[in-house]
Structures are given as C-alpha cells and as structure tokens.
Amino acid sequence: MSTTVSIRLLEPSDAQAYRDLRLEALRSSPEAFGSSYEEEAPLALETIEARIPSSAPNAIFGAFADTALVGMAGFAVYDRMKARHKGVMWGVFVKPEWRGQRVGKALVQRVIDHAARHVIMLEAAVGITNESARRTYHSLGFKPYGIERKAIRVGDTFYDEELLYLDLPQPGSS
Ligand SMILES: CC(C)(COP(=O)(O)OP(=O)(O)OC[C@H]1O[C@@H](n2cnc3c(N)ncnc32)[C@H](O)[C@@H]1OP(=O)(O)O)[C@@H](O)C(=O)NCCC(=O)NCCS
C-alpha cells in the first residue's frame, strides 16, 4: 500500500476510532490481551474517552493511514511511589491488512522513545507463541526475564506469556 502511515498521540476526540480499533483487537486476538471484548464492548463512549490520557506520562499512540486509525500502542506508568520508575507497554495492535509493513515496529519504537522520557524501565508481556509480536519486541531490545504460566484464559484454553523488560537510560543522563 502506498499510503503513508503517521503516528501521533491519541486525544479524547479520537474516542470513537479508538473504541472501534480496540474492540476489533479484543475480538480478533483475544489471546493477546488481558482485557476481553465482553468487558469492553458495553462501555459508554464517555468511559472510553476518559481512558485516553490527555497529558503525559501515560499515552496511547495511534498509527494513521490518512485519517484512518490502523494501529495503536499504549504506555502507562505504575502508580505507586516505589514503582514510578517503571512503565508498561500495553494494547499493541495493527489491523491485519496493515501488518508486515513495519507499522507495529514504528508504534513500539514510539512508545520506547516516549517511555525513555519518563521511566528507566519499560515492561511488556507477549504470548509465547505470538511470533510477530515477540519478533517486534525482541528486535527493539526487549529482553525476556520469565514466563507467566497460564497468564491469559480464553474459554478453556490457557496461554503462557513471556515477560519482557527494556532498560532505558536515566532521563537526562545522555
Ligand atoms: C504484533 C503486531 C502488532 C505486529 O505488527 P506489524 O505491523 O505486522 O509488525 P511489523 O511489520 O512492524 O514487523 C515487526 C517485526 O515482526 C516480524 N514479523 C511480522 N509478522 C511476523 C510473523 N507473522 N511471523 C514472524 N515475524 C513476523 C517482522 O519481520 C519484523 O521483524 P524484523 O524487523 O526483525 O524483520 C501485529 O501482528 C498484531 O497486531 N498482532 C495481533 C495483536 C497482537 O498480538 N498484539 C501484541 C500483543 S503483546
């Protein structure tokens, strides 16, 4: 596809597009996310809008093909005082028709760049059989530190997840 994909922060006004993509992600890849379609589909648009961070450090990045949202990746800092040096990447998804074109990699790189301004370690978790996501994360420097057994349950099937971390330079150290 020749359309250029650009990445920017989602804003509360992107709520409808974000909701549509998020529900597509939860429906099509239930084993890849801790949240479920059944839990999120009934939520009011205002609730979704309120979940889109309006200021740093938490953020959701969207990949746009022209004006259409085709991918996303989230970042959140742990709340508690003793854990605020760490953040987690969540909700990484690219629409199937846009996969294999480095959109996922660009989104994850954007989260890493953003995280480096706020935390010294970025965490992620990925299904141990999810080759495309594992490849994406590993190629950008994430290192595995363990396996969470039966991390996700979808129906009668359990999925193990690889736990990943990425050390980031102390903000202001470079
Ligand atoms: C994971 C996902 C975001 C990757 O997005 P994408 O835009 O297709 O990925 P990219 O084109 O940027 O490719 C990134 C890397 O993965 C590799 N890759 C892509 N698809 C692959 C596949 N099916 N098998 C193996 N490697 C694959 C690419 O070669 C590239 O690695 P490289 O740069 O070392 O060559 C996308 O597949 C997706 O949305 N999957 C469903 C949801 C999901 O699993 N999310 C992750 C939750 S942890």
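Ligands are counted one by one from 1 in listed order, and the atoms in each one are counted from 1 as well.
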Ligand 1 to Gly100, heavy atom cutoff 4.0 Å, flagged ligand atoms 6 (P), 7 (O), 8 (O), 11 (O)

Check: Asp167 side chain, Met121 main-chain N or O, donor-acceptor pair, under 3.5 Å:
no

Give the atoms of ligand 1, by number and element, whose distance to some non-hydrogen atom of Ala133 is under 4.0 Å.
1 (C), 46 (C)

Under 3.5 Å between any N/O of Gly104 and any N/O of ligand 1: does that happen in this structure?
yes

What about Asn130: any of its N or O atoms under 3.5 Å from an N or O on ligand 1?
yes

Protein contact of atom 39 (O) of ligand 1 - nearest heavy atom, named by residue and atom, plus distance
Val94 N, 2.8 Å

Atoms of ligand 1 close to Lys105 [distance to a heavy atom under 4.0 angstrom, numbered from 1]:
12 (O), 32 (P), 33 (O), 34 (O)

Can Ser28 be said to touch ligand 1, with heavy atoms closer than 4.0 Å?
no

Just which atoms of ligand 1 are under 4.0 Å from any heavy atom in Ala32?
43 (C), 44 (O), 47 (C)

Any heavy atom of Ala25 under 4.0 Å from ligand 1? The part involved is neither

At under 4.0 Å between heavy atoms, which part of Ser29 makes contact with ligand 1: side chain, backbone, both or neither?
side chain

How far apart are the closest heavy atoms of Tyr78 and Ala83, and which atoms are they?
CB-O, 3.4 Å

For Ala106, is at least one N or O under 3.5 Å away from an N or O on ligand 1?
no

Could you list the atoms of ligand 1 found under 4.0 angstrom from a heavy atom of Gln101?
11 (O)

From atom 16 (O) of ligand 1, work out which of Thr136, Leu164, Val5, Leu107 has a heavy atom at the shortest distance.
Thr136

Please confirm whether the backbone N or O of Gly104 pairs with a side-chain atom of Arg102, one donor and one acceptor, at under 3.5 Å?
no

When you compare ligand 1 with Ala125, is there at least one nitrogen or oxygen pair between them that comes in under 3.5 angstrom?
no

Report yes if Phe93 has an N/O atom closer than 3.5 Å to an N/O atom of ligand 1; otherwise report no.
no

Under-4.0 Å heavy-atom contact with ligand 1, by part of Tyr137 that carries it:
side chain

Quick one: nearest non-hydrogen protein atom to atom 22 (C) of ligand 1, plus distance?
Ser132 CB, 3.7 Å

Under 4.0 Å from atom 41 (C) of ligand 1, is there at least one protein heavy atom?
yes

